[in-house]
Amino acid sequence: MRSITSAEASQDFDALLEEVENGEVVLVTRDGRPVARVVPEQVSVADRLAEVMEKYPADPEFGDDLERIVRENRALMDDRERRWPWADEE
C-alpha cells in the first residue's frame, strides 16, 4: 500500500484516482498521521445484476419460461435412470 500526504493527493487527485481504479490502495496522511485510506470500489454481483436487469428488462413471459425449464430439469434429476430426450433409442 502506497502512502502519500494530503498535499500530494490534492495536487494530482486524478492520478490518485487512476491508481485506485487500477486496484491500488493508497493511504493519505496529514502531518505524518494516517487520515484516510482510498480503496477501489467493490460492486457486488447483485448490484451488477440489478443494473443489467434495469438496462435490459426481461420479456414478460420470461418467468413462465424459467419456471418450465426448472420443472423440466427437476424431472431429469430424480432418482430414476436418466434418459436424455435427444438420445437415440437403443
Side-chain angles (χ1 to χ4, degrees):
M1 170 175 38
R2 190 164 86 85
S3 178
I4 63 172
T5 66
S6 59
E8 292 169 325
S10 65
Q11 284 176 350
D12 202 359
F13 193 66
D14 285 338
L16 170 64
L17 290 181
E18 189 169 320
E19 282 184 54
V20 173
E21 282 181 325
N22 290 324
E24 295 294 324
V25 175
V26 179
L27 180 65
V28 181
T29 64
R30 183 185 299 147
D31 299 326
R33 291 181 320 202
V35 293
R37 187 179 309 243
V38 185
V39 298
E41 180 66 20
Q42 293 184 355
V43 179
S44 71
V45 172
D47 292 335
R48 282 186 248 153
L49 180 58
E51 288 175 15
V52 168
M53 291 177 72
E54 186 175 316
K55 187 173 181 179
Y56 304 102
D59 182 312
E61 296 176 8
F62 174 74
D64 295 335
D65 292 340
L66 186 57
E67 187 176 339
R68 177 185 50 77
I69 290 167
V70 168
R71 273 195 319 271
E72 290 172 358
N73 282 320
R74 282 185 178 154
L76 290 172
M77 302 303 270
D78 64 12
D79 289 336
R80 294 178 296 155
E81 180 181 345
R82 289 165 179 74
R83 299 213 45 100
W84 303 107
W86 56 87
D88 293 329
E89 294 287 324
E90 292 184 19

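Source: prediction; values computed, not measured. Sequential numbering from 1 along the given sequence is applied to the chain's residues.
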Answer yes or no: does atom CE of Met53 have more than 12 heavy-atom neighbours from other residues, nucleotides or ligands under 6.0 Å?
no
For atom CG of Asp31, decide whether the heavy atoms of other residues, nucleotides or ligands shown that lie under 6.0 angstrom number more than 12.
no
When rounded to the nearest 0.5 angstrom, what distance separates CG in Leu66 from CG in Asp59?
12.5 Å
Transitively linked via ILVMFWY side-chain contacts under 4.5 Å: Phe13 with Val25?
no
The salt bridge (charged side-chain N to carboxylate O under 4.0 Å, His left out) partners of Arg71 (sequence neighbours excluded) come to Glu67
Residues at least two apart in sequence or cross-chain that pass salt bridge (charged side-chain N to carboxylate O under 4.0 Å, His left out) with Arg37, listed by chain then number, are none
Sorted by chain and residue number, the salt bridge (charged side-chain N to carboxylate O under 4.0 Å, His left out) partners of Arg68 (sequence neighbours excluded) come out as Glu72
List, by chain and number, the other hydrophobic cluster members for Tyr56, where Ile, Leu, Val, Met, Phe, Trp and Tyr join if side-chain heavy atoms come within less than 4.5 Å, directly or indirectly.
Val52
The criterion is side-chain hydrogen bond (donor to acceptor under 3.5 Å, both in side chains); which residues satisfy it with Gln42, sequence neighbours excluded?
none
Which residue pairs pass the salt bridge (charged side-chain N to carboxylate O under 4.0 Å, His left out) test when at least one of the two sits in residues 10-23, sequence neighbours left out?
Arg2-Glu19
Decide whether Val38 and Leu27 are clustered together by the hydrophobic rule: side chain heavy atoms of Ile, Leu, Val, Met, Phe, Trp, Tyr closer than 4.5 Å, transitively.
no
Minimum heavy-atom separation for Ala9 and Val28, please, with both atom names.
CB-CG1, 4.3 Å
Is it possible for you to say whether Ile4 and Val39 belong to one hydrophobic cluster, with membership spreading through side-chain heavy-atom contacts below 4.5 Å?
no
Where Ala7 and Ser10 come nearest, the two heavy atoms and their spacing
O-OG, 3.0 Å
Using every non-hydrogen atom in the two residues, find where Pro40 and Glu24 come nearest and quote the distance to one decimal.
CD-O, 3.6 Å
Are Leu49 and Ser44 packed together at the side-chain level, in the sense that at least one heavy-atom pair is separated by less than 4.5 angstrom?
no
